[in-house]
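As structure tokens, the structure follows; a few thoughts come after it.
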Amino acid sequence: MDKPVIILGLESSCDETACAITKDGALLCNVISSQIEVHRKFGGVMPEIASRLHLENVVCVIDEALQQAGIKMDDVTAIAVTRGPGLIGALHVGLQAAKTLALIYNKPLIPVHHLTGHIYANEFVKPLHFPSLAVVVSGGNTELVYMKNHLDFEIIGETRDDAVGESFDKVARVLGLPYPGGVEIDKLAKVGKHSYKLPTPMHDGTLNFSYSGLKTAVINLVHKLEQNGEKVVVEDMAKSFQDVAIGMIIERVKKATELYEIKQIVLAGGVSANSYLRSEITKEFENTEIEVIIPPIWCTTDNAAMIAKVGEYLYRDKVFASLDLGVDPSWRIEDFKKF
Ligand code: KG4
């Protein structure tokens with residue numbers, strides 16, 4: 001019998017220190033230490049604090065994962081680690097930990113692109129089938145990624161300025177809502193009315209996005225109302241903004257399905273937790289041949305299970321790095337094999 005493939009995954013690109021272990025595709029454990037409560041006080045992630053907390057937590061999460069899985073380091077086949085994109089110092093901690101384990105236990109080191117992780121998290125729900133469109137929407141990225149096959153990523157549309165999650169967070173901040181703002185806007189929009197008129201961003205016929213104009217329009221409108229002594233109805237502003245922000249995604253995805261052969265749509269990244277995006281995209285494609293995968297909420301936040309999942313495919317293709325590997329905070333998904 002073949003030996004099982006056991007992948008230890010590590011993730012530290014932002015404010016979660018995480019370690020997970022898979023065995024022949026099955027998830028044995030998924031340990032996450034979140035720093036969100038610490039960063040909430042500052043209204044956003046403080047990079048220096050994030051690095052220090054990763055350093056404090058990384059050994060504990062690895063130990064906990066091995067214990068939960070009942071696995072010894074000697075049993076592990078390979079170590080998969082997030083190499084980018086993300087915060088440079090935060091990434092560095094996870095990579096150093098992975099390199100140390102790879103060196104001591106003589107295991108292959110597999111560098112994983114964080115966003116491929118969010119895409120492959122969907123495989124914990126259903127196998128990906130191709131051609132597939134991944135709608136990658138997070139705090140740092142807004143991309144439509146076309147996949148003809150496994151590990152085949154082509155960006156067919158992306159933001160020209162802000163990421164959609166970033167615009168949710170900035171709008172939330174001007175409305176006085178706590179970090180992470182996307183969650184709060186989502187909640188308030190459920191009870192709000194679309195009563196504020198906001199500009200619908202111009203569509204240049206491509207599949208690209210733009211969020212900075214929309215964000216600025218909300219900020220200017222809020223300031224104008226305040227200067228005039230008028231009360232801003234926060235839930236109505238949240239609903240008005242969310243309708244336009246998510247509407248842009250739905251519209252570009254529809255356009256992509258007209259231009260490309262697509263059998264499956266998968267959502268990926270933090271903003272894929274948005275309830276309006278989930279319901280709108282489901283409605284849009286429910287009576288079509290295109291299958292939409294909605295990831296469970298745990299897959300939308302950062303975790304190492306998704307890193308281990310990509311690690312399995314990269315292990316199969318022998319995509320290994322040497323121990324002089326460095327991080328890449330702005331690594332493009334199409335370059336996931338270049339390091
Ligand atoms: O994937 P992620 O951790 O970002 C990066 O690593 O870049 O996602 C975080 C982003 C934040 O901008 C947060 O406000 C947004 O995802 N987010 C949401 C929701 N939950 C999280 N945005 C809209 N609706 C939500 N329910």
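Please read all numbers here as calculations on a predicted model, not as lab measurements.
Taken to the nearest 0.5 Å, the CD atom of Glu11 stands 5.0 Å off from the CD1 atom of Ile307. Rounding to the nearest 0.5 angstrom, the gap separating the CG atom in Leu133 from the CD1 atom in Ile262 is 4.5 Å. Atom CE of residue Met237 and atom CG of residue Leu198 lie 6.5 Å apart, to the nearest 0.5 angstrom. Atoms CG and CD1, on Asn303 and Ile32 in that order, are 5.0 Å from each other to the nearest 0.5 Å. To the nearest 0.5 Å, atom CD1 of residue Ile294 and atom OG of residue Ser275 are 11.0 Å apart. Note that CD1 of Ile71 and CG of Leu28 are 5.5 Å apart. Values are rounded to the nearest 0.5 Å.
In this structure a side-chain-to-backbone donor-acceptor pair under 3.5 Å is present from Asn122 to Ile119. With hydrogens and angles ignored, the 3.5 Å screen pairs a side-chain donor or acceptor of Tyr196 with a backbone N or O of Val233. For the pair Glu143 (side chain) and Ile155 (backbone), a donor-acceptor distance under 3.5 Å is absent. Judged by distance alone, with hydrogens and angles left aside, the side-chain atoms of Arg173 form a donor-acceptor pair with the main-chain N or O of Gly43 at under 3.5 Å. Side-chain N or O atoms of Lys126 include none that pairs as donor or acceptor with a backbone N or O of Ile293 at under 3.5 Å. In this structure a side-chain-to-backbone donor-acceptor pair under 3.5 Å is missing from Tyr179 to Asp169. Using modelled atom types, one side-chain atom of Asp204 and one backbone atom of Thr206 make a donor-acceptor pair closer than 3.5 Å. Distance alone, capped at 3.5 Å, places no donor-acceptor pair between the His54 side chain and the Ser13 backbone. For Thr142 (side chain) and Thr159 (main-chain N/O), no donor-acceptor pair under 3.5 Å exists by modelled atom type. Under a 3.5 Å cut-off, the side chain of Asp317 and the backbone N or O of Val319 do not form any donor-acceptor pair.
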- Message: Go through it in stages, so that I can follow the logic: the residues are Val271 and Thr300, the test is side chain to side chain contact (heavy atoms under 4.5 Å, CB included), and I'd like the CA-CA distance, side-chain angles, deciding distance and then a yes or no.
- Response: CA-CA 7 Å; Val271 181; Thr300 67; over 6 Å; no
- Task: Assess whether side chain to side chain contact (heavy atoms under 4.5 Å, CB included) is satisfied between Phe209 and Leu144, documenting all intermediate values.
- Result: CA-CA 10 Å; Phe209 300 82; Leu144 294 181; 3.9 Å; yes
- Apply side chain to side chain contact (heavy atoms under 4.5 Å, CB included) to Thr17 and Gln35, showing your working. CA-CA 8 Å; Thr17 324; Gln35 310 171 359; 3.9 Å; yes
- Worked check of side chain to side chain contact (heavy atoms under 4.5 Å, CB included) between Ser272 and Val135: CA-CA 8 Å; Ser272 68; Val135 183; over 6 Å; no
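Among all heavy-atom pairs drawn from Val76 and Lys107, the shortest one is O-NZ, 2.8 Å. Heavy-atom minimum distance, Ala172 versus Ile185: N-CD1, 3.8 Å. The shortest heavy-atom contact between Tyr315 and Pro108 is CE1-CG, 4.5 Å.
Screening Lys337, Lys338, Arg332 for a salt bridge (charged side-chain N to carboxylate O under 4.0 Å, His left out) involving Asp335 leaves a single residue, Lys338. If you run side-chain hydrogen bond (donor to acceptor under 3.5 Å, both in side chains) between Tyr120 and each of His150, Lys309, Glu312, only His150 comes through.
For Glu235, there are no side-chain hydrogen bond (donor to acceptor under 3.5 Å, both in side chains) partners, not counting sequence neighbours.
Within a 6.0 Å sphere centred on CD of Glu289, other residues, nucleotides and ligands contribute 12 heavy atoms or fewer. Atom CG of Asn106 has 12 or fewer neighbouring heavy atoms from other residues, nucleotides or ligands inside a 6.0 Å radius. Within 6.0 Å of the NZ atom in Lys193, the count of heavy atoms belonging to other residues, nucleotides or ligands does not exceed 12.
Classification of the His114-His118 ring pair by plane angle, with boundaries at 30° and 60°, yields perpendicular. Ring geometry, Tyr146 versus Tyr260: the interplanar angle falls from 30° to 60°, so the pair is classed tilted. Using cut-offs of 30° and 60° for the angle between ring planes, the Phe339 and Trp331 rings count as perpendicular.
With hydrogens and angles left out, the side-chain atoms of His39 and Asp15 include no donor and acceptor closer than 3.5 Å. Judged purely by distance below 3.5 Å, without hydrogens or angles, the side chains of Asn274 and Gln242 pair a donor atom with an acceptor atom. Donor-acceptor pairing under 3.5 Å is lacking for the side chains of Asp162 and Ser167.
In the hydrophobic clustering of this structure, Leu66 groups with Val59; members are Ile, Leu, Val, Met, Phe, Trp, Tyr whose side-chain heavy atoms approach within less than 4.5 Å, directly or through other members. Grouping the Ile, Leu, Val, Met, Phe, Trp and Tyr side chains by contacts below 4.5 angstrom, directly or via other members, places Leu259 with Ile249. Under the 4.5 Å side-chain heavy-atom criterion for grouping Ile, Leu, Val, Met, Phe, Trp and Tyr, Val266 is not connected to Val253 through any hydrophobic cluster. No continuous path of hydrophobic side-chain contacts links Val5 to Leu27 [ILVMFWY only; heavy atoms under 4.5 Å].
By the 6.0 Å and 45° rule, Lys72 does not stack over the aromatic ring of Tyr105.
In summary, Lys255 and Glu251 do not engage in a salt bridge, as defined by a charged side-chain N under 4.0 Å from a carboxylate O. Residues Glu48 and Arg52 are paired through a salt bridge, judged by an N-O separation under 4.0 Å between the basic side chain and the carboxylate. Look at Lys283 and Glu280 and you find a salt bridge, because one of the NZ, NE, NH1 or NH2 atoms lies within 4.0 Å of a carboxylate O, short of that distance.
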Let me check something: any side-chain donor-acceptor pairs from residues 88-102 under 3.5 Å, sequence neighbours excluded? List them with distances.
residue : atom : partner : partner atom : Å
Lys99   : NZ   : Leu323  : O            : 3.2
Lys99   : NZ   : Leu325  : O            : 2.6
Thr100  : OG1  : Gln96   : O            : 2.6

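Listed by chain and number, the hydrophobic cluster partners of Ile49 are Val38, Phe42, Met46, Leu53, where partners are ILVMFWY side chains within reach of under 4.5 Å, directly or through others.
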